[in-house]
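Everything below concerns the one structure shown next.
We use all heavy atoms of the structure for the numbers below, so side chains are in, but hydrogens, waters and symmetry mates are not. So that the names make sense, note that chain A is the first sequence line, chain B the second, and so on, each numbered from 1.
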Amino acid sequence: MTSTPSESGKSRSNDREPADFIRQIINEDNRTGKHGGRVHTRFPPEPNGYLHIGHAKSICLNFGIAAEYGGLCNLRFDDTNPIKEEQEYIDSIKTDVRWLGFDWGDREFYASDYFDQLYQWALKLIGDGNAYVCDLTAAEIREHRGTLTRPGKESPYRGRTVEENLALFERMRAGEFADGSRTLRAKIDMAHPNLNMRDPVMYRILQSPHHRTGNRWPICPTYDWAHGQSDSIERITHSICTLEFENHRPLYDWFLRELGVFAPQQIEFARLNLTYTVMSKRKLLRLVQDRHVRGWNDPRMPTLGGLRRRGYTPEAIRAFCARIGVAKTESTIDVQLLEHCVREHLNRVAPRVMAVLRPLKVTLTNYPEGQVEQLDAVNNPEDPAAGTRKVPFSKVLYIERDDFMEAPPKKFFRLAPGREVRLRYAYFIRCEEVVKDPASGEVTELRCTYDPATRGGDAPDGRKVKATLHWVSAQHAVPAEVRLYDHLFTRPDPDDVPEGLDFTANLNPASLEVLDCCQVEPSLADKGPEYRCQFERLGYFCVDPDSKPGRLVFNRTVTLKDPWAKIQKAKT
RNA sequence: UGGGGAAUAGUGUAACGGCAGCACGACUGACUCUGGAUCAGUUAGUCUAGGUUCAAAUCCUAGUUCCCCAGCCA
């Protein structure tokens with residue numbers, strides 16, 4: 001946890017700076033002294049799934065705001081539903097938040113930490129005539145709730161006395177009743193236009209063991225009953241959540257008011273949507289279960305685990321979250337902005353290396369047999385401190401198949417019969433002869449000559465060349481597998497499908513391409529997982545955890561911007 | 001047809017009665033030993049209709065469109 005989560009480094013504690021609507025609210029609260037200048041937020045994941053880029057937006061918001069205002073941000077697991085939650089998720093969530101660069105200190109909390117307090121508060125509401133035990137089944141409750149346009153009917157159990165309710169609730173707690181047979185409900189208003197206020201359930205009976213409290217609680221609180229009170233216990237000043245909870249705010253406030261306890265302010269913002277991907281837990285789970293991807297951390301997934309494996313940096317994700325801003329308008333961010341953010345960071349820090357993905361053999365007919373030269377190559381033109389390295393050069397090389405065309409169209413600047421190009425950091429070469437497989441007609445080798453006077457890449461006579469190609473020396477290169485990724489879906493909105501089909505109809509069949517005959521420069525031989533670099537002219541890549549010594553595996557994080565590829569794509 | 005929200009270039013996001021700005025994208029051009037990076041430039045916007053005002057994205061009125069809510073999920 002070395003970095004400051006506040007990317008701007010600027011304090012937002014004055015209201016001169018353009019601030020988003022949440023920071024404006026906080027600025028106003030600070031101005032009026034509402035919380036004595038205190039700012040305390042929380043990130044409250046439910047431990048029933050893996051974190052994704054949408055959560056990163058919330059994490060950056062909550063931890064970022066706390067840091068900017070000199071406040072604190074808690075990590076709180078919203079573990080009110082034992083049948084869906086598991087320790088594995090808790091561990092992965094903590095790993096991801098830490099990886100993103102945030103620190104919750106010793107403030108790791110669980111809603112289940114507050115089950116006793118919640119129970120006491122429930123007793124108070126019952127005592128005040130504000131809650132009652134209801135014997136209706138789930139289906140009956142639904143029927144009684146009414147509809148969007150029609151008021152609900154009151155439960156026949158609504159009129160129970162305080163004593164009756166207290167006795168029944170005590171027995172619920174003692175585990176005397178079957179799952180789902182009774183609930184504790186807030187007594188509010190069955191005719192309320194907001195359905196959340198029509199006597200919402202506070203406790204249900206769920207005998208399944210809880211990952212933290214074991215079998216101590218046969219009853220468990222609902223989100224509505226637990227969340228606001230948890231915020232209150234932690235003295236959260238600003239409880240930031242997504243738009244769908246806007247309808248719950250009246251209830252959130254109602255509980256706090258009836259209890260007479262510290263009242264945090266709930267503020268809702270629009271969740272993140274990204275083009276060419278899905279973000280809902282349900283759809284992500286479906287992709288994993290139906291084997292459309294290789295797992296939760298498949299590099300094509302928008303999960304933090306997937307992005308990490310893909311080679312994304314925490315810095316890039318934080319920069320992205322800072323740029324997308326925060327508002328109440330529902331929006332879909334162009335995935336190109338995310339890609340821009342990784343490129344921007346990796347361009348600054350990633351060492352450059354040469355790797356040939358689809359090798360084409362090149363023999364330099366006039367280069368001495370058996371000779372090897374060690375040529376100097378710059379590690380990162382954006383960072384002189386990164387220094388240089390030696391790259392071996394010899395008579396037989398590999399270049400990229402895409403860098404040669406027998407009949408080059410207009411605007412193709414690379415190698416072609418009779419044409420001269422530069423090999424990066426090496427020599428000018430000229431293509432003299434094209435060798436083909438007589439059967440298939442496929443080009444199998446290029447026989448070229450090199451100009452010894454151009455060693456290092458410059459011609460003493462000042463002659464220019466239109467392209468510089470990357471290459472590797474055949475006898476020195478290390479074989480590697482490279483996994484190329486593209487968008488998981490073929491449409492910006494995966495849900496844009498013909499009637500009767502679902503989002504899987506838009507899955508991109510070409511989202512993964514595995515190249516297993518790649519040749520990379522020898523300096524890469526000893527690199528392990530999480531090593532990130534730029535393959536010159538191709539893109540940013542990282543070593544995959546599947547990689548083993550002698551069997552390198554790389555993932556392509558993102559391509560470089562490539563005008564030529566765009567020209568070609570436009571033609572098809 | 002109840003209630004709660006939201007509408008600003010292609011996509012996001014500012015401007016809080018006083019010149020509609022920024023980022024990404026797209027398109028030019030310069031430079032380049034990465035068709036990368038960098039630099040310069042172009043493109044393009046206030047949902048609609050009225051009203052208030054010297055002045056409206058901003059205030060008022062009426063409409064339109066989109067999102068959320070009928071889990072003992074969160």
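- Sequence neighbours left out, the pairs with a member in residues 145-154 of chain A that pass salt bridge (charged side-chain N to carboxylate O under 4.0 Å, His left out) are A:Glu154-A:Arg158.
- Regarding contacts with the backbone of B:rG35, a side-chain N or O of A:Arg537 is found under 4.0 angstrom from either OP1 or OP2.
- Across all strands shown, A:Glu536 has heavy atoms under 4.0 Å from base atoms, whether or not it also approaches the sugar-phosphate.
- Comparing B:rG36, B:rC73, B:rA74 against the side chain of A:Lys84 picks out B:rC73 as the nearest.
- Residue A:Leu346 is classed as having no contact, given no heavy-atom separation below 4.0 Å to the nucleic acid.
- Atom-to-atom, CZ of A:Arg150 to P of B:rG3 comes out at 15 Å; the value is rounded to the nearest Å.
- Of the charged side-chain nitrogens involved, at least one lies within less than 4.0 Å of a carboxylate oxygen, so that A:Glu244 and A:Arg271 count as a salt-bridged pair.
- Listed by chain and residue number, nothing satisfies the side-chain hydrogen bond (donor to acceptor under 3.5 Å, both in side chains) test with A:Asp383 (two or more places apart in sequence, or in another chain).
- A salt bridge between A:Asp113 and A:Arg212 is present, with a side-chain N of the basic residue lying under 4.0 Å from a carboxylate O of the acidic one.
- Taking 4.0 Å as the cut-off between side-chain N and carboxylate O, A:Arg389 and A:Asp376 do not count as a salt-bridged pair.
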message: Base contacts versus sugar-phosphate-only contacts with protein, heavy atoms under 4.0 Å: please encode nucleotides 63-69 of chain B as B, S and - from 5' to 3'.
response: ----SBB
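- A:Asn273 pairs by the side-chain hydrogen bond (donor to acceptor under 3.5 Å, both in side chains) definition with nothing, not counting sequence neighbours.
- RNA chain B lies under 4.0 Å from at least one heavy atom of each of the following residues of residues 331-338 of chain A: A:Ser331, A:Thr332, A:Ile333, A:Asp334, A:Gln336, A:Leu337.
- Relative ring orientation between A:Phe554 and A:Phe535 is described as perpendicular, the plane-to-plane angle rising above 60° on a 0-90° scale split at 30° and 60°.
- Here the nucleotide nearest the side chain of A:Asn347, chosen from B:rG5, B:rG35, B:rA37, is B:rA37.
- In this structure, CZ of A:Arg249 is placed 7 Å from P of B:rG5, rounded to the nearest angstrom.
- Side-chain nitrogen and oxygen atoms of A:Asn81 include at least one within less than 4.0 Å of the OP1 or OP2 phosphate oxygen of B:rC73.
- Under the 4.0 Å criterion applied to side-chain N and carboxylate O atoms, A:Glu268 and A:Lys328 are assigned as salt-bridge partners.
- Nucleic acid contact class of A:Val465 (heavy atoms, under 4.0 Å, all strands): none.
- We find that CZ of A:Phe535 is positioned 19 Å from P of B:rU34, with the value rounded to whole Å.
- If you take atom C1' in B:rU58 and the same atom in B:rG18, they sit 11 Å apart, rounded to whole Å.
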Taking only nitrogen or oxygen atoms into account, show me every contact under 3.5 Å that the protein makes with nucleotides 43-48 of chain B, one pair per line with its distance.
none

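- Counting only residues at least two apart or on different chains, the salt bridge (charged side-chain N to carboxylate O under 4.0 Å, His left out) pairs with a member in residues 458-472 of chain A are A:Glu420-A:Arg463, A:Asp451-A:Arg463, A:Asp461-A:Arg463.
- Screening residues 333-349 of chain A for salt bridge (charged side-chain N to carboxylate O under 4.0 Å, His left out) gives A:Arg323-A:Glu344 as the qualifying pairs, with residues at least two apart or on separate chains.
- When the C1' atom is used for both B:rU64 and B:rU46, the distance is 16 Å, rounded to whole Å.
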Side-chain donor-acceptor contacts of residues 563-570 of chain A below 3.5 Å, not counting sequence neighbours, with atom names and distances?
unit_1	atom_1	unit_2	atom_2	d
A:Trp564	NE1	A:Gln568	OE1	3.3

- request: Take A:Thr275 and A:Ile333, measure what side chain to side chain contact (heavy atoms under 4.5 Å, CB included) needs, and give me the verdict at the end.
  value: CA-CA 6 Å; A:Thr275 56; A:Ile333 309 287; over 6 Å; no
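- Look at CZ on A:Arg556: it is 16 Å from P on B:rG36, rounded to the nearest Å.
- Of the candidate nucleotides B:rG35, B:rA74, B:rU34, B:rA74 has the atom lying nearest to any side-chain atom of A:Arg204.
- Listed by chain and residue number, nothing satisfies the side-chain hydrogen bond (donor to acceptor under 3.5 Å, both in side chains) test with A:Arg204 (two or more places apart in sequence, or in another chain).
- Considering only side-chain N and O atoms, A:Lys566 lies nowhere under 4.0 angstrom from the phosphate OP1 or OP2 of B:rG35.
- Between A:Thr222 and A:Gly325, it is A:Gly325 whose nearest contact on RNA chain B lies nearer the 5' terminus.
- Glycosidic conformation, B:rG71: syn, with the torsion inside 90° of 0.
- A side-chain N or O of A:Asp231 and one of A:Tyr252 form a donor-acceptor pair less than 3.5 Å apart.
- Comparing B:rC24, B:rG2, B:rU34 against the side chain of A:His340 picks out B:rC24 as the nearest.
- Helical stems in RNA chain B, defined as runs of 3 or more consecutive Watson-Crick or G-U wobble pairs with donor-acceptor distances under 3.5 Å: B:2-7 with B:64-69, B:10-13 with B:21-24, B:25-30 with B:38-43, B:47-51 with B:59-63.
- Close to B:rA14, at under 4.0 Å from its OP1 or OP2, lies no side-chain N or O of A:Gln24.
- Comparing A:Gly457 and A:Lys561, the nucleotide of RNA chain B nearest to each residue sits closer to the 5' end for A:Gly457.
- A heavy atom lying under 4.0 Å from RNA chain B marks the following residues of residues 137-145 of chain A, by number: A:Thr137, A:Ala138, A:Ile141, A:Arg142, A:Arg145.
- Between A:Arg422 and B:rU34, a side-chain N or O to OP1/OP2 separation shorter than 4.0 Å is absent.
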